[in-house]
**Student:** 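I have a structure I would like to understand better, so I am pasting it below and will then ask my questions one at a time.
Lettering of chains follows the sequences in order, A, B, ..., and the numbering in each one begins at 1.
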Amino acid sequence: MEILKSRFFKKNTALVAEKLLGCYLVRQIGNQKLIGRIVETEAYLGVKDSCCHSFQNHFTDKTKAMYLEGGFSYVYFTYGMHYCLNVVTGDKTQPEAVLIRALEPIEGISKMKKYRKKQNLKDLCSGPGKLCQAFSITKKLNAKKLTKKGELFITKGRAVKDKELDSRVGLPLHKDSAYWFLRFYIKNNPHVSVRKNQIC
DNA sequence: CTGGGGATCGAG
DNA sequence: TCGATCCCCAGG
């Protein structure tokens, strides 16, 4: 179980998003370990991406974690009830990140069911808000280093063959960057999120 | 100080 | 299709 090093996250953001497919998100809560295989990601390209929180170097208390170096977390709260987990990429001059959108539950499934208050395996981590609930990820885990053993980290996985590429999800459709093809997922994996804002 | 929006989810 | 729900931030 090899932990991904910060070097992994300091490459091209879209490439990082693609290479994160098949890797494992590990959440350690006391003695309890939760593991999920990453099956869906989205890249957010910083200052030039109008859908990115750090568009045009927008800098606030909320977005400042994006200005950390690659390998840190960026967790934010949205819609009054959900958290989303990102991994920061690039160096400090590139406030870019990859949103972790879905996981395939691997270990600690009974705990995930408890946190989610859902029994169906497919309901546990098939969305960015769901997986944060299943893994008990809140704002307390914002701006944390993910490249060492601790409460939250990512380990290397096996290479994935069937990758798909699509436009991103849940964004204001009047912005052209909403249509950029920066969503990566594993083809035919039942734990990939269901998109509602079907484009075209 | 205040009001409006949000990288979502789930019920109906 | 729509309502929940609340933190954060821009604007006054």
**Student:** Counting any heavy atom closer than 4.0 Å, what does Lys117(A) reach on the DNA or RNA strands: base, sugar-phosphate only, or nothing?
**Tutor:**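 No contact at all - Lys117(A) keeps every heavy atom at 4.0 Å or more from the nucleic acid.
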**Student:** Is any side-chain nitrogen or oxygen of His82(A) closer than 4.0 Å to OP1 or OP2 of dA4(C)?
**Tutor:**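 For dA4(C), neither OP1 nor OP2 has a side-chain N or O of His82(A) closer than 4.0 Å.
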**Student:** Could you let me know what dC9(B) is paired to, Watson-Crick or G-U wobble, both distances under 3.5 Å, or none if it's on its own?
**Tutor:**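 When the pairing criteria are applied, dG3(C) turns out to be the nucleotide that pairs with dC9(B).
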**Student:** Specify the separation, in whole Å, of atom NZ of Lys122(A) and atom P of dC9(B).
**Tutor:**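 Computing the Lys122(A):NZ to dC9(B):P distance gives 16 Å.
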**Student:** Spell out, yes or no, whether Val87(A) and Leu34(A) are grouped together once hydrophobic residues are joined by side-chain heavy atoms under 4.5 Å, including indirect joins.
**Tutor:**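 Yes.
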**Student:** Relative to each other, are the rings of Tyr83(A) and Phe77(A) parallel, tilted or perpendicular (30° and 60° limits)?
**Tutor:**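 Tilted: the ring planes of Tyr83(A) and Phe77(A) meet at 30° to 60°.
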**Student:** So what does Gly129(A) hit on the nucleic acid, given a heavy-atom distance under 4.0 Å: a base, only sugar-phosphate, or nothing?
**Tutor:**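 Sugar-phosphate contact only.
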**Student:** Within this structure, what is the OH-to-C1' distance between Tyr83(A) and dC8(C), rounded to whole angstrom?
**Tutor:**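 It works out to 12 Å between those atoms.
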**Student:** Given dA7(B), dT8(B), dC9(C), identify the nucleotide with an atom nearest to the side chain of Tyr76(A).
**Tutor:**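 When the side chain of Tyr76(A) is considered, dA7(B) is the closest of dA7(B), dT8(B), dC9(C).
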**Student:** Quick one: do Glu107(A) and Lys33(A) make a salt bridge, cutoff under 4.0 Å?
**Tutor:**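 Answer for the salt bridge query: no.
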**Student:** Charged N to carboxylate O under 4.0 angstrom, Glu42(A) versus Arg168(A)?
**Tutor:**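 Salt bridge absent between Glu42(A) and Arg168(A).
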**Student:** Can you measure Leu124(A) atom CG to dG10(B) atom C1' for me and round it to whole angstrom units?
**Tutor:**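 Rounding to the nearest Å, CG of Leu124(A) and C1' of dG10(B) are 15 Å apart.
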**Student:** Nearest whole angstrom, please: distance from the P of dG6(B) to the CZ of Phe55(A).
**Tutor:**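 Taking atom P of dG6(B) as the reference, CZ of Phe55(A) is at 15 Å.
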**Student:** Ignoring the backbone of Thr60(A), work out which of dA7(B), dC7(C), dA10(C) is nearest its side chain.
**Tutor:**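 Comparing dA7(B), dC7(C), dA10(C) against the side chain of Thr60(A), the answer is dA10(C).
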**Student:** Among side-chain atoms of Lys122(A) and Ser126(A), is any donor-acceptor pair under 3.5 angstrom?
**Tutor:**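 Checked: Lys122(A)/Ser126(A) side chains show no N/O donor-acceptor pair below 3.5 Å.
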**Student:** Of the options dA7(B), dC9(C), dC9(B), whose atoms approach the side-chain atoms of Lys62(A) most closely?
**Tutor:**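 When the side chain of Lys62(A) is considered, dC9(C) is the closest of dA7(B), dC9(C), dC9(B).
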**Student:** Rounded to the nearest Å, what distance is computed from the CZ atom of residue Phe77(A) to the P atom of nucleotide dA7(B)?
**Tutor:**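 Rounding to the nearest Å, CZ of Phe77(A) and P of dA7(B) are 13 Å apart.
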**Student:** Given atom OH of Tyr79(A) and atom P of dG4(B), what is their separation to the nearest angstrom?
**Tutor:**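 In whole Å, dG4(B) P lies 17 Å from Tyr79(A) OH.
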**Student:** Rounded to whole angstroms, how far apart are NZ on Lys139(A) and P on dC6(C)?
**Tutor:**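 Those two atoms, NZ and P, are 16 Å apart.
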**Student:** Measure the distance from CG on Leu171(A) to P on dG5(B) and round it to the nearest whole Å.
**Tutor:**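 Distance, rounded to whole Å: 17 Å.
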**Student:** With nearest nucleotide decided by heavy atoms, which residue, Arg116(A) or Lys175(A), maps closer to the 5′ end of DNA chain B?
**Tutor:**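 Taking each residue's closest nucleotide, the earlier one in sequence belongs to Lys175(A).
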**Student:** For residues Tyr67(A) and Tyr44(A): do they belong to one hydrophobic cluster (side chain heavy atoms under 4.5 Å, members Ile, Leu, Val, Met, Phe, Trp, Tyr)?
**Tutor:**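 Different hydrophobic clusters.
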**Student:** Nearest to the side chain of Lys130(A) - dA7(B), dC9(C), dG10(B)?
**Tutor:**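 Nearest to the side-chain atoms of Lys130(A), counting from C-beta on, is dG10(B).
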**Student:** Touch check for Arg183(A), heavy atoms < 4.0 angstrom, all strands: base, sugar-phosphate only, or nothing?
**Tutor:**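 No contact.
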**Student:** With the side chain of Asn86(A) defined as its heavy atoms from C-beta on, choose the nearest nucleotide among dA7(B), dG10(B), dC7(C).
**Tutor:**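 So the side chain of Asn86(A) is nearest to dA7(B).
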**Student:** The side chain of Met81(A) is closest to which nucleotide in this list: dT8(B), dC6(C), dA4(C)?
**Tutor:**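 Side chain of Met81(A) sits closest to dA4(C).
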**Student:** Return the nearest nucleotide to the side chain of Tyr44(A); candidates are dC8(C), dA10(C), dA7(B).
**Tutor:**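 The answer is dA7(B), which lies nearest to the side chain.
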